[in-house]
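Structure, as structure tokens:
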Amino acid sequence: MSKRKKPSEDNSNHDFCDFLIELADYEKNVNRNIHKHNVYRKAANVLANHPTRITSGKEAQKLDGIGKKIAKKIDEFLQTGKLQKLENIHNDEKASVINLLTQVSGIGPAKARNLVEMDIRSIDDLRKHTDKLTHHQVVGLRYFEDFQKRIPRVEIEEIEKIMKCEVEKLDEDYEITICGSYRRGQPESGDIDALITHPHYTSEMCNKQNKDRLKTIVNTLEKCGLITDVLSLGDTKFMGACRLNEGATTRRLDIRLTPCDQYYCCVLYFTGSDIFNKTMRAHANEKGFTLNEHSLRPLGSTGVPGEPVPISSEKDIFDCIEYEYREPQNRN
DNA sequence: ATGTGAG
DNA sequence: ACTCACATA
């Protein structure tokens, strides 16, 4: 409880970060250049963590991760209030179409580029060529508009009720937690992230009836009309779509089935926020632990992780690494 | 096996 | 950063 590092939010170089992140996305999505992407990301990151306002490219260039080229862009931005390179990108049709197609669930940069080569330049075009798409992409396209919409908290509460009711009919020992921004108390969320565990499902004993647990759960949720589509379904992770009732907006739903010994690490991880997770993992490291979505393990003197610490609540994890407990709503 | 995409 | 599921080969 010593470091009060406020890493980001409204940092003094916020506007530089914005255009650097936009350039980063452009390099990844349009040029497929992951190296340039990483360079821009790193630069944005170092500026975001810089405590004072940068007033010249020269000053910026002293920072690790910022070289001549980015320094020059900072100067241009300071002098003109914009970046010519970015203006050009905004006016480039190919670039904007790739950006658009990428917003369809299941379509990434590679596929988007592919489609543009095939002369597909809009969502409407794409709807005429669903034969070029995987199942995931077809569903993503079908609900393109719905999936862009935010989900009001009350709607998730309703969906949670139905899920719990249906799954407990299957077996009353199932435990369900909706994580993500919903659990952090946010008024709306982008999707629904449900974690399910069962006392008989542990990380050993990964076999027998446990293999069918998730499929059985998904099956009943389909039968009761909550789940409308499957994007992918394995032994531990379901991705798909659901809706409250006919005519309601279709929502993205993820379900993870996790062994009960890993449940709280998983709940912690998927509750986020991302930034909170990062600082918490960093703190765990300082205390000689490694923390991931499955377990909390002590690091030996050699740096090799030992056996997972037994965890029976979220708070256990905080206590173990001497981190002051924070309610989910305070992890934003 | 490898690449892709999601989260 | 890391894991999982999928499609393709």
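No hydrogens, no waters, no symmetry mates; every other heavy atom, side chains included, goes into these values. Chain identifiers are assigned alphabetically (A, B, ...) following the order of the sequence lines, protein sequences preceding nucleic acid strands; residue numbering begins at 1 within each chain. Keep in mind that what you see is a predicted model, and the values were worked out from it rather than measured.
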Quiz item: Picking from B/dG5, B/dA6, C/dA5, which would you name as closest to the side chain of A/Thr236?
Solution: C/dA5

Quiz item: Does a nitrogen or oxygen in the side chain of A/Ser105 sit under 4.0 Å from OP1 or OP2 of B/dG5?
Solution: no

Quiz item: Within this structure, what is the CZ-to-C1' distance between A/Phe147 and B/dA6, rounded to whole angstrom?
Solution: 13 Å

Quiz item: Checking all strands, does A/Lys111 fall into the base, sugar-phosphate, or nothing category for heavy-atom contacts under 4.0 angstrom?
Solution: sugar-phosphate

Self-check item: Pair A/Tyr174, A/Arg213: side-chain N/O donor-acceptor within cut-off below 3.5 Å
Solution: yes

Self-check item: Nucleotide nearest A/Ala110 (side chain, heavy atoms from C-beta), chosen from C/dC6, B/dT4, B/dG7
Solution: B/dT4

Practice problem: Just call it for A/Val230: base, sugar-phosphate, or nothing, with non-hydrogen atoms closer than 4.0 Å on any strand. | Solution: nothing

Exercise. Kindly say whether A/Lys315 contributes a backbone atom to a donor-acceptor pair with the side chain of A/Ser313 at under 3.5 angstrom?
Key: yes

Self-check item: Given B/dG7, C/dA7, C/dA1, the nucleotide with the shortest approach to the side chain of A/Tyr269
Solution: C/dA1

Quiz item: So what does A/Asp254 hit on the nucleic acid, given a heavy-atom distance under 4.0 Å: a base, only sugar-phosphate, or nothing?
Solution: sugar-phosphate

Exercise. Provide, to the nearest angstrom, the distance between the NE2 atom belonging to A/His135 and the C1' atom belonging to B/dT4.
Key: 17 Å

Exercise. Establish, from distance only, whether the side-chain atoms of A/Thr216 and A/Asp212 form a donor-acceptor pair under 3.5 Å.
Key: no

Quiz prompt | Identified side chain to side chain contact (heavy atoms under 4.5 Å, CB included) partner of A/Cys242 from the options A/Asp229, A/Ile192, A/Thr250, A/Thr228 | solution = A/Ile192

Quiz prompt | Whole angstrom value for the distance that separates C1' of B/dT4 from CG of A/Leu101 | solution = 16 Å

Quiz item: For A/His198 and A/Asp171, does a side-chain donor sit closer than 3.5 Å to a side-chain acceptor?
Solution: yes

Exercise. Mind calculating the distance between CZ (A/Phe270) and P (B/dA6) to the nearest angstrom?
Key: 16 Å

Quiz item: Nearest to the side chain of A/His294, which nucleotide is it out of C/dT3, C/dC6, B/dG7?
Solution: C/dT3

Quiz item: Think A/Arg252 has a side-chain N or O under 4.0 angstrom from the OP1 or OP2 of B/dG7?
Solution: yes

Quiz item: A/Phe238 has an atom CZ; how far is it from atom P of B/dG5, in whole Å?
Solution: 21 Å

Exercise. Could you state the atom-to-atom distance from CZ of A/Phe276 to C1' of C/dA1 in whole Å?
Key: 17 Å

Quiz item: Considering only side-chain heavy atoms of A/Asp193, which listed nucleotide, C/dA7, B/dG5, B/dG7, is closest?
Solution: B/dG7

Quiz prompt | Euclidean distance, atom CE of residue A/Met239 to atom C1' of B/dG7 [Å, nearest integer] | solution = 7 Å

Exercise. Rounded off to whole Å, could you give me the NZ-to-P distance for the A/Lys132 and B/dT4 pair?
Key: 20 Å

